[in-house]
2 protein chains.
Amino acid sequence: MIEPSEETAGLRLAAADAGLLADSLRSAGLKVTAPRLAVLRALTDMPHSNADALFTAVHTDLPGTSLQAVYGVLASLGTAGLVRKIEPAGSPALFERRVGDNHHHIVCTRCTVVHDVDCAIGHAPCLTPADTLGFDVRAAEVIYWGLCAQCQLDTAHP
Amino acid sequence: MIEPSEETAGLRLAAADAGLLADSLRSAGLKVTAPRLAVLRALTDMPHSNADALFTAVHTDLPGTSLQAVYGVLASLGTAGLVRKIEPAGSPALFERRVGDNHHHIVCTRCTVVHDVDCAIGHAPCLTPADTLGFDVRAAEVIYWGLCAQCQLDTAHP
DNA sequence: GCATTTGTTTTGAGTAATTCAAAACAATTC
DNA sequence: GAATTGTTTTGAATTACTCAAAACAAATGC
């Protein structure tokens, strides 16, 4: 039996992955295009990326791709519900593939790294304000701000 | 005894108010200037305003004032802790004088009106994520999104 | 397979919100 | 009332993003 090399394994994985990504596009009613697959792939590797970082990543694989195309892809993936856009104060918009759950984010005020966090109480208590003021509340967004572990160390020993 | 006219009452109030605003600037270690007083006054009347709206309001009273001055004023008031800046997704930054409590905001997705809301559970349960991931969490920001009462009516009877 | 339709991407330009820098100016301090 | 320090004006630049028209590619029907 022939052992698959690491390279062929990598290719096979990439191919399988491309198939899954293509499927997710198709089932969202979107055409399968190279820029869309590339953006989805980049977002899988680096969640919480901004449009520019994704452009850089995509551009390496697919040199023809324009920044506007990345914005266009992100917009269509967004409305199709395949990616989520978050906009922490003072930062350009960030994108992630984790959608459909009501998870929140924790942002380091020093290095701006972002991580996912689940809601404190498991279900969604903080998703209901004390007084809705007559609003029909559809969503709640929580952002925690603080210092990440590394930045705590860095500020302690400068 | 002479009844104060509405006008003198207004002036007296304005004067008293100017005194209070000036005091708050002084005790924050900031110089008392006309643009700063004007921005504070405008923010009192119209909380959740953006820089441009404040510029328009201030410019009426104090025609020399530039937009950059308003940005400068807001920056210094911000670092002095006299105003708070909020940045709801898809909107320019908004400012308010209500500081020091951990209140949150509810935003109408249709007309973008913003109101203050207190935390659901009174104390701060949603201010603690389930897993801090090693972060030293300093603040939590909650934004509720929905339709305000008026926009619910407007969309029901278009 | 190939033409058609429909949707996507490129190219190029434009805009909104905000920031930067130097000179002019005004509020506090001495 | 002069000196100091901080603020505002003026003018330009930057970042993040959007718009529009033409070129192009994916899916659909034949």
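First the proteins, then the strands, lettered A, B, ... as listed; each starts at 1.
Contact annotation for A:Ala34: no contact, since no heavy-atom pair falls under 4.0 Å across all strands.
Judged by distance alone, the side chain of A:Glu87 and the main-chain N or O of B:Ser91 form no donor-acceptor pair under 3.5 Å. Side-chain N or O atoms of B:Glu141 include none that pairs as donor or acceptor with a backbone N or O of A:Pro88 at under 3.5 Å.
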Check: Hey, mind stepping through B:Ser76 and B:Arg36 against side chain to side chain contact (heavy atoms under 4.5 Å, CB included) and telling me if it holds?
Finding: CA-CA 9 Å; B:Ser76 52; B:Arg36 285 179 178 167; 3.5 Å; yes
Notebook entry, point to check: Please walk me through it: do A:Leu147 and A:Asp154 pass side chain to side chain contact (heavy atoms under 4.5 Å, CB included)?
Noted result: CA-CA 10 Å; A:Leu147 277 183; A:Asp154 291 355; over 6 Å; no
* Give the C-alpha distance, both sets of side-chain angles, the deciding distance and a yes or no for side chain to side chain contact (heavy atoms under 4.5 Å, CB included) between B:Lys85 and B:Leu74. => CA-CA 9 Å; B:Lys85 182 186 192 175; B:Leu74 289 169; over 6 Å; no
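To the nearest 0.5 Å, atoms CG (A:Leu43) and CG (A:Leu54) are separated by 4.5 Å.
If you measure from atom NZ of B:Lys31 to atom P of D:dT4, you get 13 Å, rounded to the nearest angstrom. Computed from coordinates, the B:Arg26 CZ to C:dA26 C1' distance equals 15 Å when rounded to whole Å. Residue B:Leu25 contributes atom CG, which lies 21 Å from atom P of D:dT5 at whole-angstrom precision. Taking atom CG on B:Asn50 and atom P on C:dA17, their separation rounds to 7 Å, with Å as the unit. Taking atom CG on B:Asp52 and atom C1' on C:dT18, their separation rounds to 11 Å, with Å as the unit. In this structure, CG of B:Leu30 is placed 17 Å from P of D:dT5, rounded to the nearest angstrom. Between B:Leu62 atom CG and D:dT8 atom P the separation is 10 Å, expressed in whole Å. D:dT18 atom P lies 16 Å from atom CZ of A:Phe55, rounded to whole Å.
When hydrophobic clusters are built by joining Ile, Leu, Val, Met, Phe, Trp and Tyr residues whose side-chain heavy atoms come closer than 4.5 Å, directly or via intermediates, B:Phe135 is not grouped with A:Trp145.
A heavy atom closer than 4.0 Å to some atom of DNA chain D occurs in A:Gln68, A:Tyr71, these being the qualifying members of residues 64-89 of chain A.
End-to-end axis angle for the helix from C:dG1-D:dC30 to C:dC30-D:dG1, using five pairs per end and rounding to 10°, comes out at 30°.
Judged as a side chain to side chain donor-acceptor pair (under 3.5 Å), not a single pair has a partner in residues 59-73 of chain A (not counting sequence neighbours).
Between the side chains of B:His105 and B:Asp116, at least one donor-acceptor pair of N or O atoms lies under 3.5 Å.
Listed nucleotides: D:dA26, C:dT18, D:dG6. Nearest to the side chain of A:Thr33: D:dA26.
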